[in-house]
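Reading through the structure tokens given below for one structure.
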Amino acid sequence: MSTDRPRSGAGAADADEAFRLVAQATSFATGEDFFRRLVRSLASVLDVQVAFVTEVIGEGLRVRMLASWERGRFAENVEFDASVTPCRDVLDGRFTHYDDGVAELFPEDKYLAREGIRSYLGVPLRDREDRVTLGHLAIMDSRPFATDERSLLVLQIIGARARGELEHLRLENALRDSEQRLSTVLGSAMDAIVTIDADDRIVLYNDAAEQIFACPRDSALGTDFARFMSGKLRRFYAEFRRDFAEPGSRRRRFWVPPGLTALRGDGSEFPIDATISPLELDRRPCFTFIL
């Protein structure tokens, strides 16, 4: 790839097509697979050599790669201090673009000089309240890279999708850690315990749930809980969610009305006696069913 042919920002039609192709490549992916598909497709459609996405670790500017595509291959996911890199302003919540000469601006970032990187564009991944930067999405190239407001908007939209997936991943990891710490309790519980996130995806599913729903944990985690709900239970749950969203709602635990049913993995129906309880993880609502 030439190092002196300038890259220019996409026009409206090109930007729309770039977004469509990236969305298409990631539409059925979740978790780590989503991030790998994201950086690979983003590098391809924008014709850049490097694309990567990170998450912030603890406080400060320490980040961990979630996926990195460099010159036609996936690179190792590493941790690094972003304070001496062009990523530092992005992690402060600002869109950051250097169309050329980025290596000279950040001489302490040895990677830029070693790889001949000249241009950089980074997008922050901020939380839903737009308060905390969770990580960032960035592209780099050994050629100059000009951009425009349309290109930035496309990257912002793609970044919002990446932010949502990062929030899901963090939630799942937090619940996985909790499940490991409480594995003895959950494993011995006779009741099925199922926790779903704000998008109704299953993030916790204990041994009893495997038996009651006749569905292995690996086949249930990450899927929509609606697959296990009968029509009446879906309607009850939708009403519960509407009531819970009302300002001033104090509902903390609620018995599912008698006479409702759930579905096993094979689609067969069975009666349930259950409670549903809301909780909050990473400032996002979740709901736990105990059956």
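No side-chain N or O of Glu115 forms a donor-acceptor pair with one of Ser142 less than 3.5 Å apart. With hydrogens and angles left out, the side-chain atoms of Arg227 and Thr223 include a donor and acceptor closer than 3.5 Å. A donor and an acceptor atom, one from each side chain of Arg37 and Ser41, are nowhere located under 3.5 Å apart. Side-chain contact annotation: Ser277 with Thr288, donor-acceptor N/O pair under 3.5 Å absent.
Geometrically, Arg201 does not engage Phe225 in a cation-pi contact defined by less than 6.0 Å to the ring centre and at most 45° from the axis.
Separation of the Trp69 and Phe52 ring centroids does not fall under the 6.0 Å cut-off. Side-chain rings of Tyr98 and Phe106 approach one another, their centers coming within less than 6.0 Å.
Between the CD1 atom in Ile196 and the CG atom in Leu204 there is a gap of 11.5 Å [rounded to 0.5 Å]. Here CD1 of Ile193 is found 9.5 Å from CD1 of Ile212. Values are rounded to the nearest 0.5 Å. Here Arg94 contributes atom CZ and His136 contributes atom NE2; the two are 13.0 Å apart, rounded to the nearest 0.5 Å.
Remark: Tyr237 engages Phe289 in a ring-ring contact (aromatic ring centres under 6.0 Å, His included) (not counting sequence neighbours).
Ring geometry, Phe270 versus Phe213: the interplanar angle exceeds 60°, so the pair is classed perpendicular (tilted spans 30 to 60°).
Under a 3.5 Å cut-off, the side chain of Arg64 and the backbone N or O of Asn77 do not form any donor-acceptor pair. In this structure, Ser119 contributes its side chain and Arg143 its backbone to a donor-acceptor pair below 3.5 Å.
Proximity of Val63 to Leu91: side-chain heavy atoms (C-beta onward) are separated by under 4.5 Å at one or more points. In this structure the side chain of Leu233 reaches within 4.5 angstrom of the side chain of Val256, judged on heavy atoms.
Remark: Glu76 CD is loosely packed, at most 12 non-hydrogen atoms of other residues, nucleotides or ligands lying under 6.0 Å away. The neighbour count for Glu269 CD, taken as heavy atoms of other residues, nucleotides or ligands under 6.0 Å away, is above 12.
Salt-bridge annotation for Arg118 and Asp99: absent, with no side-chain N of the basic residue lying under 4.0 Å from a carboxylate O of the acidic one. Ionic pairing of Asp92 and Arg88 is not present here: no N-O contact between side-chain nitrogen and carboxylate oxygen is shorter than 4.0 angstrom. A salt bridge does not link Asp81 with Arg62: every distance from a Lys NZ or Arg NE/NH1/NH2 to an Asp or Glu carboxylate oxygen is 4.0 Å or more.
The one candidate from Val102, Leu105, Thr85 that meets the side-chain contact (heavy atoms from CB on, under 4.5 Å) condition with Leu112 is Val102.
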